[in-house]
Amino acid sequence: MTQIAVVGAQYGDEGKGKVVDYLSKKIGFDAVVRFNGGANAGHTVVVQGKKLILHAIPSGVFNSRCILGPGMVINLEGIKQEFQDIKNAGASTDNIIISEATHLVLPEAVESSRQDPGSTGRGIAPAYGAKSTRTGLRAIDFFRVVKGFPCDTLDPRKNLIEKYKDFFMNYAWLAEHVKNSDEILDDLIVNNKNILFEGAQGIGLDIDFGQYPYTTSSNCGFDGIANGARIDPRKIKVIGIMKAYVTRVDADGSSPMVTQINDELGNKIREVGQEYGATTKRPRRIGWFDVPLLKNSIRTGIDILALMKLDVLDGLDKVKICSAYEIDGKLSVFKPDGCCLRNSKPIYEEMPGWKSTSQAKTYSDLPEEAKKFIERIEQLCERKIAFVSVGPDREQTIVREEILNEFLK
Ligand code: IMP
């Protein structure tokens, strides 16, 4: 039995899908579980040569059973659209399970979040807000309505449920996918099956560990799995995904980004790396590799790392790693607080750049300077890097088998 989580170690968009894809082929998962967020995420999958962008449904949908966990917030109309896209791509949706406890993003939530420039406009914050104030509706409420089961007459939400009755009937066919995910997961675990937990966004955006209030509304790392998948998480091994630089996407650039590159080089990296939001299409802000950010993510529980998009830095004379922050002349770590982060200044180590990594097939093929960059990150954050991605193709992924095998033991 293997239980692995793939989580974002920066501000989302790290390239988690590529590692998920590799592990799915190597290990073969009986189930892929998403435990946080909703349609604010966006991952591109290629099916029979066609590009497809999925938002709430995990990218594992083409290979195994998928569970949308209790920690997610889902929009019925969005799910309908994704089901359609998956079917159009010639794949089956039979294996998609929506946990009874998954919260619903109601139309008003989408409407109000469209007014919030600090969001993706997908109703995420209002839906989690309703969950916390116990005024949210869940998939089980939807299920009861369409199956004609009575609602608890003492339920303080009964008027709200009544209000949505007709709306829910438009999606009646989806009720077949609403199941008790606790029983399904317990059964998989008892039978020693392999399970993958697919994180969305990144820990820099985590509501507790991220740059509050410039965060999303869920727990994006290992911290989100116990309640977001509703399981005992102690056997789960965690891979943190990061890029060789940092990106951050928001509407107005108001969130703090300590290592932001403000000159032409930032624009160049954005173009080479095609750094535009999959959900919002917004240009992403670009920054140098940020070790304090990564160390903060590691604090949530990360065992090994994957370094993506190293090739995007190919051809630069010099590259920088931010090894620490400074606030008012004193050394500082990443503090999960927007105000502290805005006052944090980066302390950089400058290293020689390298010509090209994209042809490298093994770790030893990499230029010495690129290896020094990787090994310096490992040294500073005290974690091993098992994957190095040097291009968009599946084959352009260097796997350091000795590190990966030790992790999988
Ligand atoms: P929300 O999750 O839509 O409420 O957005 C809160 C913040 O998180 C905004 O700055 C978004 O741009 C950012 N965000 C949310 N989801 C993602 C993601 O999947 N990738 C990158 N940024 C995201």
Side-chain angles (χ1 to χ4, degrees), residues 6-18 20 34-45 53-59 68 71-75 78 82 103 105-106 108-132 136 198-221 224 228 240-243 245-258 260 270 273-287 290 293 297 308-309 336 338 341-342:
V6 172
V7 302
Q10 296 166 329
Y11 296 116
D13 313 313
E14 297 92 351
K16 297 179 272 291
K18 201 177 191 197
V20 167
R34 246 193 81 176
F35 55 89
N36 77 301
N40 47 351
H43 34 266
T44 309
V45 284
I53 298 184
L54 295 176
H55 295 282
I57 295 174
S59 40
L68 308 190
M72 288 188 73
V73 289
I74 60 159
N75 175 330
E82 286 188 48
H103 273 254
V105 178
L106 298 171
E108 285 103 289
V110 178
E111 209 36 61
S112 81
S113 94
R114 285 210 179 111
Q115 319 302 319
D116 171 11
S119 82
T120 54
R122 301 300 176 105
I124 304 300
Y128 280 112
K131 175 178 179 175
S132 296
E198 197 175 300
Q201 290 85 47
I203 297 158
L205 295 175
D206 183 291
I207 188 152
D208 291 302
F209 283 91
Q211 44 176 222
Y212 194 86
Y214 308 94
T215 59
T216 189
S217 306
S218 65
N219 292 116
C220 311
I241 316 298
M242 58 203 187
K243 286 191 268 212
Y245 48 96
V246 174
T247 61
R248 175 74 170 95
V249 58
D250 54 11
D252 53 4
S254 64
S255 57
M257 185 174 183
V258 182
Q260 183 162 347
R270 178 180 309 108
Q274 276 304 293
E275 296 294 356
Y276 293 90
T279 299
T280 57
K281 315 284 179 247
R282 291 169 183 157
R284 297 177 183 144
R285 293 149 69 200
I286 310 290
D290 186 334
L293 167 67
S297 299
M308 316 308 284
K309 290 189 146 185
L341 289 168
R342 204 177 298 287

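Both counts, for ligands and for their atoms, begin at 1 and track the order of listing. Just so it is clear, the structure is predicted and the values come from calculations on it, not from any experiment.
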Pairs flagged by salt bridge (Lys or Arg N to Asp or Glu O under 4.0 Å) wherever residues 198-212 is involved - sequence neighbours left out: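 The answer is none; no pair qualifies.
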
Just by distance, no angles: are the side chains of [X] and [Y] close enough, under 3.5 Å, to form a donor-acceptor pair?
X: R284; Y: Q274; answer: no
X: Y11; Y: Q201; answer: no
X: S255; Y: R285; answer: yes

List, for ligand 1, each N/O atom that has a protein N/O partner under 3.5 Å away, with both atom names and the distance.
unit_1, atom_1, unit_2, atom_2, d
ligand 1, 2 (O), N40, ND2, 2.9
ligand 1, 2 (O), T216, OG1, 2.6
ligand 1, 3 (O), T120, N, 2.8
ligand 1, 3 (O), T120, OG1, 2.6
ligand 1, 10 (O), R248, NH1, 3.1
ligand 1, 12 (O), V249, O, 2.7
ligand 1, 16 (N), Q201, NE2, 3.3
ligand 1, 19 (O), N40, O, 3.4
ligand 1, 19 (O), Q201, NE2, 3.4
ligand 1, 20 (N), D13, OD1, 3.1
ligand 1, 20 (N), D13, OD2, 3.3

Taking only distance into account, with no hydrogens and no angle test, what donor-acceptor pairs under 3.5 Å do side-chain atoms of residues 120-131 form with protein atoms, sequence neighbours excluded?
unit_1, atom_1, unit_2, atom_2, d
Y128, OH, G37, N, 2.8
Y128, OH, G71, O, 2.6

Taking side chain to side chain donor-acceptor pair (under 3.5 Å) as the test, write out the residues that go with K18, two or more places apart. S389, T397

